[in-house]
Protein chains: 2
Amino acid sequence: MSVSIKDIARISGVSTATVSRALSDPERVSEKARKAVMEAVQTHGYRVNSHARSLRRQRADAVLAVVPHLGNPFFSTILSGVEFELQQAGVDLLVADSRASDRGGRSVFAHLHASRVDGLICLDGNLPACAQQELSQPDVAERVVFACEWMPDANFPSVRSDNRAGGRLAVEHLLELGHRDFVFMAGPRENILTAERLAGVQEAMVKAGLSLPDDRIKGQDFTLEEGFAAAEWLAALSPRPTAVVCASDQIAIGLMAGLAQQGLSVPNDVSVVGFDDIAIAAYANPSLTTIRQDRIGLGRSAARMLLARIDGTAPEHKGLCTLPVTLMKRASTGAVPA
Amino acid sequence: MSVSIKDIARISGVSTATVSRALSDPERVSEKARKAVMEAVQTHGYRVNSHARSLRRQRADAVLAVVPHLGNPFFSTILSGVEFELQQAGVDLLVADSRASDRGGRSVFAHLHASRVDGLICLDGNLPACAQQELSQPDVAERVVFACEWMPDANFPSVRSDNRAGGRLAVEHLLELGHRDFVFMAGPRENILTAERLAGVQEAMVKAGLSLPDDRIKGQDFTLEEGFAAAEWLAALSPRPTAVVCASDQIAIGLMAGLAQQGLSVPNDVSVVGFDDIAIAAYANPSLTTIRQDRIGLGRSAARMLLARIDGTAPEHKGLCTLPVTLMKRASTGAVPA
DNA sequence: CTGAAAGCGCTTACAG
DNA sequence: CTGAAAGCGCTTACAG
């Protein structure tokens with residue numbers, strides 16, 4: 001057993017109430033009492049028991065981040081932003097994998113009901129229907145913020161990148177280089193990011209008097225494998241499209257590896273644009289032109305938004321925060337082949 | 001306020017003790033009582049308050065993972081393995097960034113003292129001295145497991161890859177290809193992984209009658225930037241070494257990007273070996289020969305080891321678990337240039 | 001099988 | 001400024 005507030009009270013010759021006050025609001029206590037308490041705390045290494053405090057205060061000082069797949073490095077940077085803000089606020093970060101937890105049968109959101117956490121940051125926009133329903137209960141809904149992805153049918157507060165603008169920027173860049181014949185490498189079709197980025201691509205094409213036929217939309221995952229697999233298909237098209245906009249950098253890097261294997265040169269035969277600007281994008285061969293998302297900012301903003309909701313300090317908050325994206329011009333895009 | 005055990009007791013016409021038993025040990029309760037309780041629980045959406053339970057049981061059912069830098073995608077896969085095991089055991093995962101938390105001045109290990117978590121998985125082998133001391137206190141030490149990295153001076157239970165064998169495998173592969181003149185791209189010099197991998201490299205070289213002079217050890221970080229920066233140096237060496245063993249895939253990929261810029265071909269001019277086998281390694285251009293670590297396995301094993309320590313079910317546990325590594329032969333290594 | 005009661009370790013009105 | 005006391009929501013010997 002470790003030392004408790006009773007021990008400290010006894011040792012420093014005051015009541016537990018005074019110990020509690022000395023620790024959480026030192027101003028409210030005489031200097032003498034404060035010193036006695038602080039010394040006892042120091043020498044005996046006392047720490048407030050977090051469960052007792054949380055139980056009494058009815059506040060967990062903790063937040064849960066729900067991630068579609070923890071193993072996907074894309075999310076760790078967002079989590080890093082979340083952690084940064086929470087840590088500043090003295091709030092703990094719990095992490096759960098939304099897919100893994102489904103296996104166990106126990107809902108990720110049990111934590112919220114169990115008062116284990118004060119709120120939820122959800123990075124998964126494709127929750128199963130039952131989870132969506134749980135989330136929508138009034139006492140739950142007010143403690144949830146979506147980051148990166150979101151659920152289009154619901155209306156939760158959300159922090160996201162301007163995915164549509166990203167799609168547009170990619171196409172506009174390629175149009176400037178003279179490209180007219182595009183392919184869009186999609187992520188999962190039901191994923192909102194896929195939809196938004198594709199919408200941006202189409203907007204920019206329409207504006208240029210072009211259109212993107214269905215058979216120029218390929219792929220169904222954000223993965224390296226999916227990009228790699230598409231290279232063979234692309235190489236066999238005739239006439240061959242000269243530019244590919246990918247819904248993720250992973251797809252783009254996989255695609256470039258596949259194209260190299262097909263004997264096609266990037267950007268001489270095909271230009272490739274990614275999405276995300278993961279760290280490795282700048283070091284790909286060729287370096288990858290891509291749409292930069294501010295993933296740290298996504299995480300930080302979501303954490304701040306949630307904290308404000310929990311405190312009730314931002315009831316007038318917009319509930320929607322859209323972060324700008326940037327085109328990073330690199331070596332994977334070039335003039336349309338002659 | 002949400003519904004409490006008292007409410008369920010009243011509604012189902014039994015005592016709180018019976019509700020508690022019905023929930024945590026249904027066998028111990030009559031079928032009639034069990035049914036009444038379960039129904040009330042269902043219809044009112046009752047969940048046990050985790051703080052009350054933890055306070056009473058003196059167990060948090062949660063574990064803290066301390067990561068050197070959450071933003072580094074390398075760790076997310078390990079965390080994913082940790083989460084998988086914990087989730088199966090019904091234990092929560094808290095995550096903290098060891099560097100970020102130092103900033104706040106509050107020790108990461110405060111959680112342990114505050115009973116907030118039952119144990120700690122530490123992925124950071126280079127903790128500041130004060131943290132090391134905290135960790136070494138007997139009541140803390142028995143609840144700590146190191147994963148991936150470790151502290152050579154202390155003697156905590158630890159799960160790690162066979163880094164030394166990895167270094168050896170890399171060199172042996174290159175020796176077979178005819179290489180004799182090596183460079184080792186190191187991580188941080190005080191990092192134990194750097195030391196072990198380098199030791200393996202040297203062992204294999206010595207065995208082949210070679211040695212690695214100090215001026216053939218370059219770099220001080222596991223990053224892309226560090227690898228990229230080394231390319232210029234390498235290109236200027238005369239005679240130029242023909243093979244580079246890198247302490248991480250990130251270094252290797254950065255280096256390959258730099259070498260391309262220097263007009264050098266991998267593997268025709270220089271062979272490159274990485275370490276880790278991150279997902280992108282297979283899709284680098286050229287695809288990266290590397291030493292595969294089982295990062296999921298690292299995380300899972302560490303979680304299991306910690307859980308066993310907490311339960312006290314494995315007092316005779318070895319306390320050291322070394323996972324094998326594998327050489328992944330790909331396109332970045334080839335015969336020594338004529 | 002069941003209930004009354006104590007107690008886990010705090011915090012916070014309430015009095016003084 | 002301080003203390004006695006109630007109570008946060010559970011679990012678990014202890015009796016029956």
Side-chain angles (χ1 to χ4, degrees), chain A residues 1-38 40-41 44-62 90 110-118 139, chain B residues 1-38 40-41 44-62 90 110-118 139:
Chain A
M1 297 298 96
S2 58
V3 36
S4 84
I5 195 172
K6 274 189 186 171
D7 301 316
I8 300 300
R10 187 167 25 76
I11 292 161
S12 50
V14 299
S15 69
T16 58
T18 297
V19 174
S20 179
R21 289 186 199 109
L23 257 26
S24 57
D25 191 3
E27 311 287 290
R28 278 252 253 281
V29 151
S30 70
E31 198 186 322
K32 192 182 160 192
R34 200 188 317 144
K35 280 202 166 174
V37 169
M38 290 314 188
V41 166
H44 293 79
Y46 169 71
R47 316 273 171 132
V48 175
N49 179 299
S50 80
H51 304 298
R53 168 176 278 179
S54 290
L55 177 58
R56 181 55 229 245
R57 287 195 177 165
Q58 302 284 75
R59 184 152 44 82
D61 288 324
H111 288 299
L112 252 190
H113 293 127
S115 309
R116 183 132 205 170
V117 296
D118 300 317
D139 56 325
Chain B
M1 299 299 97
S2 59
V3 36
S4 82
I5 196 173
K6 275 188 185 172
D7 301 316
I8 300 300
R10 187 169 23 79
I11 292 162
S12 51
V14 299
S15 71
T16 59
T18 297
V19 175
S20 178
R21 289 187 198 106
L23 256 27
S24 56
D25 192 3
E27 310 288 290
R28 277 253 251 282
V29 151
S30 70
E31 197 187 324
K32 191 181 159 193
R34 199 188 319 143
K35 280 201 168 177
V37 169
M38 292 312 188
V41 166
H44 293 79
Y46 169 71
R47 317 272 171 135
V48 175
N49 179 299
S50 80
H51 303 298
R53 168 175 278 179
S54 291
L55 177 59
R56 182 55 229 246
R57 287 195 176 163
Q58 302 285 76
R59 185 152 44 82
D61 287 325
H111 288 300
L112 252 190
H113 294 126
S115 309
R116 184 131 203 170
V117 295
D118 300 317
D139 57 325

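It should be emphasised that the depicted structure is a prediction, and the values quoted were computed from it without experimental measurement. Protein chains get the first letters and strands the later ones, always in sequence-line order, with residue 1 at the start of each.
dT2(C) atom P lies 12 Å from atom CG of Asp25(B), rounded to whole Å. dC8(D) atom P lies 18 Å from atom CG of Asn49(A), rounded to whole Å. Between Arg28(B) atom CZ and dT2(C) atom P there is a gap of 12 Å when expressed in whole angstrom units. Counting to the nearest Å, the P atom of dC10(C) and the CZ atom of Arg10(A) are 13 Å from each other. Remark: C1' of dG3(C) and NZ of Lys6(B) are 15 Å apart, rounded to the nearest angstrom. Taking atom NE2 of residue His51(B) and atom C1' of nucleotide dC8(D), one finds them 11 Å apart after rounding to whole Å. Between Arg34(B) atom CZ and dT2(C) atom C1' the separation is 14 Å, expressed in whole Å.
The CZ atom of Arg59(A) sits 10.5 Å away from atom NE2 of His51(B), with the distance rounded to the nearest 0.5 Å. Distance check: Lys6(B) NZ to Arg10(B) CZ gives 10.0 Å after rounding to the nearest 0.5 Å. If you take CG on Leu23(A) and CD1 on Ile8(A), they are separated by 8.5 Å, rounding to the nearest 0.5 Å. Here CZ of Arg28(B) is found 13.0 Å from CZ of Arg34(B). Values are rounded to the nearest 0.5 Å. Within the model, atoms OG of Ser20(B) and CZ of Arg53(B) stand 7.0 Å from one another, a figure rounded to the nearest 0.5 Å.
Side-chain N/O atoms of Gln58(A) include one lying less than 4.0 angstrom from OP1 or OP2 on dG9(D). A close approach under 4.0 Å does not occur between any side-chain nitrogen or oxygen of Ser54(B) and OP1 or OP2 of dC8(C).
Inter-residue side-chain proximity for Asp7(B) and His44(B) is flagged as unmet; no heavy-atom pair is nearer than 4.5 Å. The shortest distance between side-chain heavy atoms of Asn49(B) and Arg116(A) does not fall below 4.5 Å.
Helical stems in DNA chain D, defined as runs of 3 or more consecutive Watson-Crick or G-U wobble pairs with both donor-acceptor distances under 3.5 Å, are listed by first residue as C:1-3 with D:14-16, C:5-12 with D:5-12, C:14-16 with D:1-3.
Using C1' as the reference atom, dT12(D) and dG16(D) are 16 Å apart when rounded to the nearest Å.
In this structure a side-chain-to-backbone donor-acceptor pair under 3.5 Å is missing from Arg21(B) to Val29(B).
As judged by a 4.0 angstrom heavy-atom cut-off over every strand, Arg47(B) is placed among residues touching the sugar-phosphate backbone only.
Scanning all heavy atoms of the two residues, the minimum distance from Ala60(B) to Ser115(B) falls at CB-O, 3.5 Å.
With distances taken from any side-chain atom of Val14(A) to the nucleotides dG3(D), dT2(D), dT2(C), the minimum falls on dG3(D).
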Checklist outcome for this item: For nucleotides 11-16 of chain D, 5' to 3', base contacts (B), sugar-phosphate-only contacts (S) and non-contacts (-) with protein non-hydrogen atoms under 4.0 Å give BBB---
